[in-house]
Amino acid sequence: MSDLLVARTRAELDAALKDVRTGGGRVALVPTMGALHEGHASLMTVARDEVGPAGAVVASIFVNPLQFGPGEDLDRYPRTFEADLAMSRDRGVDIVFAPVVTEMYPDGEPTVTVDPGQDERSLEGRIRPGHFRGVLTVVAKLFGMVRPDVAVFGEKDYEQLIKIRQMVADLCMPVHVVGAPIVREADGLAMSSRNRYLEPDQRLAALALSRALHAGVEAQGRGPDAVAAAAFAVLREAGLEWDYVTVASPDLDGTPESGPARLLVAARLGSTRLIDNTAVHLGPDS
Ligand code: AMP
């Protein structure tokens with residue numbers, strides 16, 4: 001396909017995808033909430049690699065009210081649509097699907113939603129009740145509308161990636177889920193649309209998250225408790241209000257004593273909440 005098409009409705013999306021579907025091309029979806037940065041752009045590149053030049057890359061831009069809790073940043077979430085289109089065009093996206101809320105939820109909040117499982121065992125779910133229900137529901141709807149062969153998600157939102165894989169497996173959705181590595185600023189801060197909320201002093205303090213991950217990796221040979229303690233020490237030293245510092249198995253089901261694992265952190269800087277994570281390899285052979 002060539003040149004960027006913008007679809008605002010399901011009907012426009014279907015029309016935009018018609019040729020590629022009838023021609024047998026594959027479709028890749030990159031779901032986003034806009035305010036695009038290089039992290040999103042990397043997903044678009046992965047999506048293109050997955051479907052090749054004859055396929056179609058669809059980026060959705062939708063700030064999904066269902067995944068925001070009361071008092072969260074739905075109203076102030078950054079919206080930079082023109083710049084998003086420029087970035088999408090630049091990265092070879094074929095279709096930007098940018099529905100309004102009433103297109104996605106014509107009858108208001110849906111009656112049937114996707115249950116993410118036990119919130120009390122979830123890192124983000126415990127702190128943001130209802131968040132993953134909102135995420136999984138909108139992703140399921142996007143899968144139904146776009147009918148992608150492949151969908152690309154960032155490891156930046158690691159627990160989200162795991163939940164989406166679980167949904168696809170548990171509900172037998174015919175979509176191949178691809179995870180893409182975290183893209184960082186030169187100084188280590190994981191790129192995020194929310195970084196633009198940060199005041200200069202908070203931006204500096206936010207570096208403690210990636211420094212904490214680095215400290216955790218340095219301690220990986222000494223096991224999960226040492227990893228968590230090393231990461232936690234950095235956050236405490238920096239005076240950050242943390243939500244969690246956790247070491248878990250790669251599928252976030254329990255904590256192994258050795259082998260591959262994930263270190264995940266979440267902290268607040270004023271009213272801005274940031275998350276980050278990294279792979280670790282626990283045990284003496286690391
Ligand atoms: P968002 O617009 O924040 O909902 O993110 C849309 C997608 O981009 C999600 O799959 C995120 O995990 C991914 N993403 C956001 N930031 C980054 C990053 N720094 N590196 C890689 N992927 C990212």
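All values below come from the heavy atoms of this structure, side chains included, with hydrogens, waters and symmetry mates left out. We count ligands from 1, going down the list as the structure has it; atoms in each ligand are counted the same way. Please read these numbers as outputs of a predicted model, since none were measured by experiment.
Ion pair R133/E109 flagged as a salt bridge, since at least one NZ, NE, NH1 or NH2 atom sits closer than 4.0 Å to an Asp/Glu carboxylate oxygen. A salt bridge links R203 with D187: the closest approach of a Lys/Arg side-chain nitrogen to an acidic carboxylate oxygen falls below 4.0 angstrom. Under a 4.0 Å N-O distance rule, the pair K156/D276 does not qualify as a salt bridge.
Looking at T272, its side chain never comes within 3.5 Å of a backbone N or O of R268 through a donor-acceptor pair. Side chain of R262 to backbone of L252: no donor-acceptor contact under 3.5 angstrom is found.
Within the 4.0 Å heavy-atom shell around ligand 1 one does not find E155. Contact annotation: P31 has at least one heavy atom less than 4.0 Å from an atom of ligand 1.
For atom 1 (P) of ligand 1, the closest non-hydrogen atom on the protein side is H40 NE2, 3.7 Å. Nearest non-hydrogen protein atom to atom 3 (O) of ligand 1 is Y77 OH, 3.9 Å. Looking only at protein heavy atoms, the nearest one to atom 13 (C) of ligand 1 is L43 CD1, 3.6 Å. In terms of protein heavy-atom proximity, atom 23 (C) of ligand 1 is nearest to K156 CB, 3.7 Å. Protein heavy atom nearest atom 20 (N) of ligand 1, with residue, atom name and distance: V183 N, 2.9 Å.
Side-chain contact check for L198 versus L269: some heavy-atom pair is nearer than 4.5 Å. Taking 4.5 Å as the limit, every side-chain heavy atom of Y158 sits out of range of all side-chain heavy atoms of I275.
Summarising the contacts of atom 12 (O) of ligand 1 with D157, T32, I275, V30, the nearest heavy atom is found in D157. Across E38, M191, R194, heavy-atom proximity to atom 19 (N) of ligand 1 is greatest for M191. Of the options G34, P181, A190, the smallest heavy-atom separation from atom 21 (C) of ligand 1 is shown by P181.
Counting atoms of ligand 1 from 1 in the listed order, those under 4.0 Å from a heavy atom of M33 are 1 (P), 2 (O), 4 (O). Atom numbering of ligand 1 starts at 1 in the shown order; those under 4.0 Å from a heavy atom of I182 are 20 (N), 21 (C). In the vicinity of F153, heavy-atom distances shorter than 4.0 Å reach the ligand 1 atoms 10 (O). Every atom of ligand 1 is numbered from 1 in the order shown, and the set under 4.0 Å from a heavy atom of H37 is 15 (C), 16 (N), 17 (C). Using a 4.0 Å cut-off to heavy atoms of G154, the atoms of ligand 1 that qualify are 9 (C), 10 (O), 11 (C), 12 (O), 13 (C), 22 (N).
The number of heavy atoms from other shown groups lying within 6.0 Å of CZ (R21) is above 12. Within 6.0 Å of CD on E72 lie more than 12 heavy atoms contributed by other residues, nucleotides or ligands.
Considering all non-hydrogen atoms of both residues, Y105 and P110 come closest at CD2-CD, 3.6 Å.
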